[in-house]
Amino acid sequence: MTKYWLGILVASFFEVAWVVGLKHADSVLEWMGTIISIIISFAVLIKASNHLPVGTVYAVFVGLGTVGTVILDIILFDQNASVMKLGLIGVLLMGVIGLKLVSGEVEE
């Protein structure tokens with residue numbers, strides 16, 4: 001895995017953090033963490049987009065962020081974990097992995 005694909009994983013992690021923060025932040029410290037997560041997430045995403053196909057980068061970023069957010073909702077916030085929801089998350093993950101496998105790096 002190149003450092004740019006690893007960066008997309010990091011950016012997706014911070015995306016999950018800021019999405020959860022937007023809904024659940026109540027204090028100044030939590031809002032600061034949310035804002036820092038937004039900045040890190042998009043800074044890493046922009047850096048990776050300079051070296052990888054931008055459409056694939058964005059699709060993988062959003063897909064992993066969606067998966068992470070749904071899983072976090074199930075684990076931390078007692079959301080329903082139906083078989084259909086988990087199956088669709090699996091399909092989404094397969095699509096994200098497939099996009100990564102068929103995408104190459106942009107030549108500089």
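Given the structure is predicted, the values throughout are model-derived calculations rather than measurements.
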Within residues 83-102 or reaching into it, pairs that qualify as ring-ring contact (aromatic ring centres under 6.0 Å, His included) - sequence neighbours excluded: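 Output for this query is empty, none listed.
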ring-ring contact (aromatic ring centres under 6.0 Å, His included): which pairs involve residues 78-103, sequence neighbours left out?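 Qualifying pairs: none.
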Group every Ile, Leu, Val, Met, Phe, Trp and Tyr by side-chain heavy-atom contacts under 4.5 Å, then state whether [X] and [Y] land in the same group.
X	Y	result
Leu9	Leu93	yes
Ile8	Met94	no
Phe77	Val19	yes
Leu86	Val70	yes

Kindly write out the residues that satisfy side chain to side chain contact (heavy atoms under 4.5 Å, CB included) with [X], not counting sequence neighbours, or none if the list is empty.
X	answer
Leu72	Val16, Val20, Leu76
Ile71	Val67, Ile75
Thr34	Trp18, Leu22, Ala25, Trp31, Ile38

To the nearest 0.5 Å, tell me how far His51 NE2 sits from Thr2 OG1.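 His51 NE2 to Thr2 OG1: 9.5 Å, rounded to 0.5 Å.
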Nearest 0.5 Å, please: how far is OG in Ser37 from CZ in Phe42?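 It comes to 11.5 Å.
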Any pair counted as side chain to side chain donor-acceptor pair (under 3.5 Å), so long as it reaches residues 59-81, sequence neighbours left out: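 Counting only pairs at least two positions apart or across chains, no side chain to side chain donor-acceptor pair (under 3.5 Å) contact touches residues 59-81.
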Qualifying side chain to side chain donor-acceptor pair (under 3.5 Å) pairs, either residue in residues 54-63, two or more places apart: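 Every side chain to side chain donor-acceptor pair (under 3.5 Å) pair that includes a residue of residues 54-63, provided the two are not neighbours, is Thr56-Ser103.
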Apart from [X] itself, what residues make up its hydrophobic cluster when side-chain heavy atoms of I, L, V, M, F, W and Y under 4.5 Å apart count as a link, directly or indirectly?
X	result
Val28	Met32
Ile36	Val10, Phe13, Phe14, Ile40, Val44
Met84	Leu88

Identify the heavy atoms of Ser12 and Leu64 that sit nearest to each other, and give their distance.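 Distance-wise, the nearest heavy atoms are OG-CB, 3.5 Å.
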Would the distance check show the side chain of Glu15 and the main-chain N or O of Ala11 forming a donor-acceptor pair, the cut-off being under 3.5 Å?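 Not confirmed, Glu15 side chain does not pair with Ala11 backbone.
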Quick one, Ser41 and Phe61 - any side-chain contact, counting heavy atoms below 4.5 Å?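 Yes, side chains in contact.
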